[in-house]
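Numbers here simply count residues along the sequence, with the first being 1. These figures come from a predicted structure and were not determined experimentally. These values consider heavy atoms only, across backbone and side chains, with no hydrogens, waters or symmetry-generated copies.
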Amino acid sequence: MMSKIWKNIIARTQEEVKATFQELYASVDFGAYIAPQDYFVSYIFETEEALNKAKEIGLLQKISNYHKQLLRKKEYPEEGIKDCTFASQEDCDKVCSGNWYYYYK
């Protein structure tokens, strides 16, 4: 039962983060909902250039902080609240033919 609630919290959080930061292209999440400490979210920029620019101007930390703030507000288990990761669709396409599962494996 809790895992369904946690899954919904993650999904809503991802949507809010993407709506707040228009620079983001997408997001992916991996792990078991029943183990929040092993779960992670990655926010995706369309290109490596966009990702690098976001890193340079401190946007990645800002997104990560907002992501964690939303999870806390929604009472997600504390052991599962950590920095999100970042990648570009361009890199995933180049390295793993666009397959995010293999990209993070």
Side-chain angles (χ1 to χ4, degrees):
M1 178 63 178
M2 287 307 287
S3 63
K4 185 175 172 64
I5 292 168
W6 295 340
K7 180 179 181 177
N8 289 337
I9 289 172
I10 291 287
R12 287 194 329 265
T13 297
Q14 286 176 269
E15 290 307 314
E16 283 183 54
V17 170
K18 288 186 296 186
T20 302
F21 297 95
Q22 302 295 315
E23 300 88 345
L24 293 171
Y25 178 72
S27 66
V28 293
D29 51 284
F30 290 102
Y33 292 113
I34 58 170
Q37 68 278 9
D38 297 330
Y39 201 78
F40 78 96
V41 172
S42 186
Y43 290 101
I44 312 304
F45 288 83
E46 191 167 8
T47 64
E48 279 294 297
E49 182 182 346
L51 175 61
N52 290 332
K53 181 181 178 198
K55 188 177 194 174
E56 284 173 24
I57 64 171
L59 186 59
L60 301 187
Q61 193 58 56
K62 197 173 184 181
I63 293 169
S64 190
N65 290 344
Y66 185 63
H67 169 85
K68 291 186 290 187
Q69 175 189 342
L70 289 175
L71 289 176
R72 281 193 179 93
K73 196 162 112 181
K74 296 174 192 310
E75 298 181 5
Y76 192 72
E78 192 62 36
E79 67 271 15
I81 298 176
K82 53 191 168 288
D83 285 332
C84 41
T85 62
F86 298 93
S88 75
Q89 185 67 52
E90 178 182 50
D91 192 44
C92 182
D93 290 346
K94 184 174 62 179
V95 175
C96 294
S97 301
N99 186 315
W100 287 106
Y101 175 78
Y102 290 115
Y103 187 82
Y104 281 111
K105 204 156 169 48

Trainee: For Glu46 and Tyr25, which heavy atoms make the closest approach, and how far apart are they?
Mentor: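 Glu46 and Tyr25 have their closest heavy atoms at N-CB, 3.5 Å.
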
Trainee: Taking the side chain as every heavy atom from C-beta outward, state whether Thr20 and Ile63 have any atom pair closer than 4.5 Å.
Mentor: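 Not in contact.
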
Trainee: Tell me which pairs pass side-chain hydrogen bond (donor to acceptor under 3.5 Å, both in side chains) where either residue lies in residues 48-63, with sequence neighbours left out.
Mentor: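 Residue pairs passing side-chain hydrogen bond (donor to acceptor under 3.5 Å, both in side chains), neighbours aside: Glu48-Ser88, Gln61-Asn65.
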
Trainee: Do any N or O atoms from the side chain of Lys82 and from the backbone of Tyr39 form a donor-acceptor pair under 3.5 angstrom?
Mentor: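 Side chain of Lys82 to backbone of Tyr39: a pair is present.
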
Trainee: Can you confirm whether Tyr104 sits close enough to Val28 that some side-chain heavy atom of one is under 4.5 Å from a side-chain heavy atom of the other?
Mentor: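 With C-beta onward as the side chain, the pair touches.
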
Trainee: With rounding to the nearest 0.5 Å, note down the distance linking CZ in Phe86 to OG in Ser64.
Mentor: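 With rounding to 0.5 Å, CZ (Phe86) is 5.0 Å from OG (Ser64).
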
Trainee: For a 4.5 angstrom cut-off between non-hydrogen side-chain atoms, does Val41 reach Thr13?
Mentor: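 Val41 does not reach Thr13 side chain to side chain.
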
Trainee: Mind checking whether Val17 and Ile81 sit in one hydrophobic cluster, side chains of I, L, V, M, F, W, Y counted as touching below 4.5 Å?
Mentor: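 Both belong to a single hydrophobic cluster.
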
Trainee: Could you tell me if the side chain of Phe45 sits less than 4.5 Å from the side chain of Leu60, heavy atoms only?
Mentor: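 Yes. Closest side-chain heavy atoms under 4.5 Å.
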
Trainee: Under a 3.5 Å distance rule, please check whether Glu75 uses its side chain to pair with a backbone N or O of Arg72 as donor and acceptor.
Mentor: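 Pair absent, no side-chain N/O of Glu75 close to backbone of Arg72.
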
Trainee: Please collect all ring-ring contact (aromatic ring centres under 6.0 Å, His included) contacts where either partner lies in residues 47-71, sequence neighbours excluded, each pair once.
Mentor: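 Pairs touching residues 47-71 that pass the test: Phe21-Tyr66, Tyr43-His67.
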
Trainee: Going from CG on Asp91 to CD1 on Ile44, what distance comes out if it is rounded to the nearest 0.5 angstrom?
Mentor: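 The CG atom of Asp91 sits 10.0 Å away from the CD1 atom of Ile44.
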
Trainee: For residues 15-24, which residue pairs qualify under salt bridge (charged side-chain N to carboxylate O under 4.0 Å, His left out), counting only residues two or more places apart or in two chains?
Mentor: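 Every pair satisfying salt bridge (charged side-chain N to carboxylate O under 4.0 Å, His left out) with a residue in residues 15-24: Glu15-Lys18, Glu16-Lys74.
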
